[in-house]
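Below: the structure, in structure tokens.
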Amino acid sequence: MTAEKINKRVRYFRDEFYELVQQIPYGRVSTYGALARALGDVRASRTVGKLLNENPRPIEVPCHRVVMSQGELGGFGLGLEMKRELLANEGISLVNDMVFDFHSILYTDFESDEPLKFLREEQRSLARCVRAEDDHTPLETVGGLDVAYHGDTGYATLSVWSEGKELRSTTIRGVAHMPYIPTYLSFREMPLLLELLEEVDRMPDMLMVDGNGIMHPRGLGLASHLGVVLDIPTIGVAKSMLCGRLEHEVTPHDPVSPVTLGDTTVGYALLSGSRTKKPIYISPGHRVSPELALETVMRYCSYKLPEPVRQAHITSTKKRNEERCLNG
DNA sequence: GCGACAG
DNA sequence: ATCTTGTCGC
């Protein structure tokens, strides 16, 4: 049910984006960053490039009018020579592949309700419901979650573990409507994960999610979002650091360091696995303390990632590859 | 110029 | 995460 609620908010994100691109007037240019700001967050600039690359209606949606922040040409799916030609046809000249008189033809005055702004507000609001404290429910079973993609078709897997062994796993296939944008991951993956969890008859006592918990600029990474929406204990396990400060470097001799955001400890970096160079980043999702989150992950760490997450990753990737093979 | 940007 | 049309801050 919540899956539909989130999808309703994000289903038309792409269409809204292409409408923004259509606002760029003939004979003018805009930039990836300006479009990202019109979406509501400059962090989306790389996603803007990706969406333009997937532009289903070139010319009609004039993605050739989008260039880089300093007036450099940028990329083009149909070949850069085509982009140069389309710009020349509109009287836009290039010198050394830089837009001539860039600042006087730059268009940034988009009319937009900035959809990412609303999603941020949603995150701030839900973040107030997060409890990063121990819940004292017994942790007999722990589930790991991960999603593998083929384009926007996602294969989401839950792998359930107890006493060091996998008990069962479930995988579903679905479509992600929202593109990936840093700090907005949950709006892409939550609907798939919620559909997956509706399929299972016994919910594990704890879920480990591939992504962050409260170690997030607005305190609501994927693990926290999922934990709050379902009101279940969750832990975030990320492979790189989205935000926060390492208290100290981690080494094989000193493999654990707190990660702080402002003056609070939001989680830990852990160097696990025998030849691992980069740590993983563990934070409470919901109904667990940073310390118990760390302890629980460590208990399941044979390699770099805790087994439930590692196995979910292996299984979802395998399913994706099997189906990709069948389709050609 | 290099590295950071959850997946 | 794939498969490749970025931006910002140091």
Side-chain angles (χ1 to χ4, degrees), chain A residues 17-18 21 24 29-37 39 41-55 58 61-84 86-87 97 99 123 145-157 176 178-190 192-193 208-226 235-246 259 261 266-267 269 278-283 285 305 309 312-313 316-317 320-321 324:
Chain A
F17 170 72
Y18 292 121
V21 180
I24 308 169
V29 296
S30 191
T31 70
Y32 302 96
L35 279 163
R37 288 188 181 93
L39 287 173
D41 195 328
V42 69
R43 270 186 270 222
S45 10
R46 246 190 340 194
T47 306
V48 164
K50 192 175 152 74
L51 292 177
L52 292 175
N53 182 234
E54 295 165 3
N55 181 7
V61 175
C63 59
H64 59 279
R65 294 178 195 147
V66 183
V67 299
M68 293 178 71
S69 61
Q70 305 305 308
E72 312 97 312
L73 190 51
F76 201 64
L78 304 176
L80 278 183
E81 200 41 57
M82 175 72 84
K83 187 169 185 176
R84 293 188 187 98
L86 288 167
L87 290 173
D97 270 352
V99 173
Q123 289 175 325
L145 289 171
D146 193 27
V147 186
Y149 289 96
H150 177 210
D152 288 318
T153 302
Y155 297 78
T157 298
M178 185 74 183
Y180 169 70
I181 299 171
T183 76
Y184 303 87
L185 171 65
S186 64
F187 295 103
R188 175 169 175 78
E189 295 205 341
M190 281 272 289
L192 284 173
L193 295 181
M208 287 182 190
V209 185
D210 195 349
N212 282 304
I214 62 173
M215 197 184 289
H216 179 279
R218 295 171 289 282
L220 196 88
L222 174 60
S224 296
H225 198 159
L226 189 67
I235 297 173
V237 180
K239 293 181 288 298
S240 67
M241 200 160 81
L242 176 62
C243 65
R245 203 185 92 249
L246 264 191
V259 175
L261 205 50
V266 289
K278 278 168 45 105
I280 58 175
Y281 301 86
I282 299 150
S283 60
L305 290 171
V309 171
H313 178 76
S316 60
T317 305
R320 191 266 318 269
N321 292 341
R324 213 201 311 212

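Each chain gets a letter, A, B and so on, in the order the sequences are listed, and its residues count up from 1.
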Under 4.0 angstrom between [X] side-chain N/O and [N] OP1 or OP2:
X: A/Ser240; N: B/dG7; value: yes
X: A/His313; N: B/dG7; value: no
X: A/Arg37; N: C/dC8; value: yes
X: A/Lys239; N: B/dG7; value: yes

Under 4.0 angstrom, heavy atoms only, what part of the nucleic acid is [X] near: base, sugar-phosphate, or nothing?
X: A/Gly74; result: nothing
X: A/Thr183; result: base
X: A/Met215; result: nothing
X: A/Ala44; result: nothing
X: A/Cys243; result: nothing
X: A/Tyr184; result: base
X: A/Leu222; result: base
X: A/Phe76; result: base
X: A/His64; result: nothing

Side chain of [X] only, heavy atoms from C-beta on: which candidate in [options] is closest?
X: A/Ser69; options: C/dG6, C/dC8, C/dT2; answer: C/dC8
X: A/Asp146; options: B/dG7, C/dC8, C/dT5; answer: B/dG7
X: A/Met68; options: B/dC5, C/dT7, C/dC3; answer: C/dT7
X: A/Asn53; options: C/dT5, C/dT7, B/dG7; answer: C/dT5
X: A/Ala148; options: C/dG6, B/dG7, C/dT2; answer: C/dT2

Legend entry - Given A/Leu35, A/Thr31, A/Val21, the one that forms side-chain contact (heavy atoms from CB on, under 4.5 Å) with A/Val48: A/Leu35
Given atom [atom1] of [X] and atom [atom2] of [N], what is their separation to the nearest angstrom?
X: A/Glu54; N: C/dC3; atom1: CD; atom2: P; value: 10 Å
X: A/Lys278; N: B/dG3; atom1: NZ; atom2: C1'; value: 11 Å
X: A/Asp97; N: C/dG6; atom1: CG; atom2: P; value: 14 Å
X: A/Gln70; N: C/dT7; atom1: CD; atom2: P; value: 9 Å
X: A/Leu73; N: C/dT5; atom1: CG; atom2: P; value: 12 Å
X: A/Asp210; N: B/dG7; atom1: CG; atom2: C1'; value: 7 Å
X: A/Arg320; N: B/dG7; atom1: CZ; atom2: P; value: 16 Å
X: A/Tyr155; N: C/dT2; atom1: OH; atom2: P; value: 11 Å

Legend entry - Residue whose closest nucleotide on DNA chain C lies nearer the 5' end, A/Leu78 versus A/Glu189: A/Glu189
Legend entry - 5'-most by nearest nucleotide on DNA chain C - A/Thr317 or A/Lys83: A/Thr317
Legend entry - B/dC5 versus C/dT2 - spacing of their C1' atoms, nearest Å: 16 Å
Inset, instruction - State, yes or no, whether a side-chain contact exists between A/Met190 and A/Leu222 at a heavy-atom distance under 4.5 Å. - result: yes
Inset, instruction - Determine whether A/His216 and A/Leu242 make a side-chain contact, defined as any pair of heavy atoms from C-beta on separated by less than 4.5 Å. - result: yes
Inset, instruction - Hunt down the Watson-Crick or G-U wobble partner of B/dC5, both distances under 3.5 Å, from any strand shown, or write none. - result: C/dG6
Legend entry - Distance-only donor-acceptor test (3.5 Å): side chain A/Tyr32, base C/dT5: yes
Inset, instruction - Any chance you could measure A/Leu192, atom CG, to A/Tyr149, atom OH, to the nearest 0.5 Å? - result: 5.5 Å
Legend entry - Gap separating the CG atom of A/Leu246 from the CE atom of A/Met241, nearest 0.5 angstrom: 4.5 Å
Legend entry - Distance-minimising heavy-atom pair for A/Gly151 and A/Arg188: O-NH2, 3.7 Å
Inset, instruction - Identify the two heavy atoms, one from A/Val29 and one from A/Val99, that lie closest to each other, and give their separation to 0.1 Å. - result: CG2-CG1, 4.4 Å
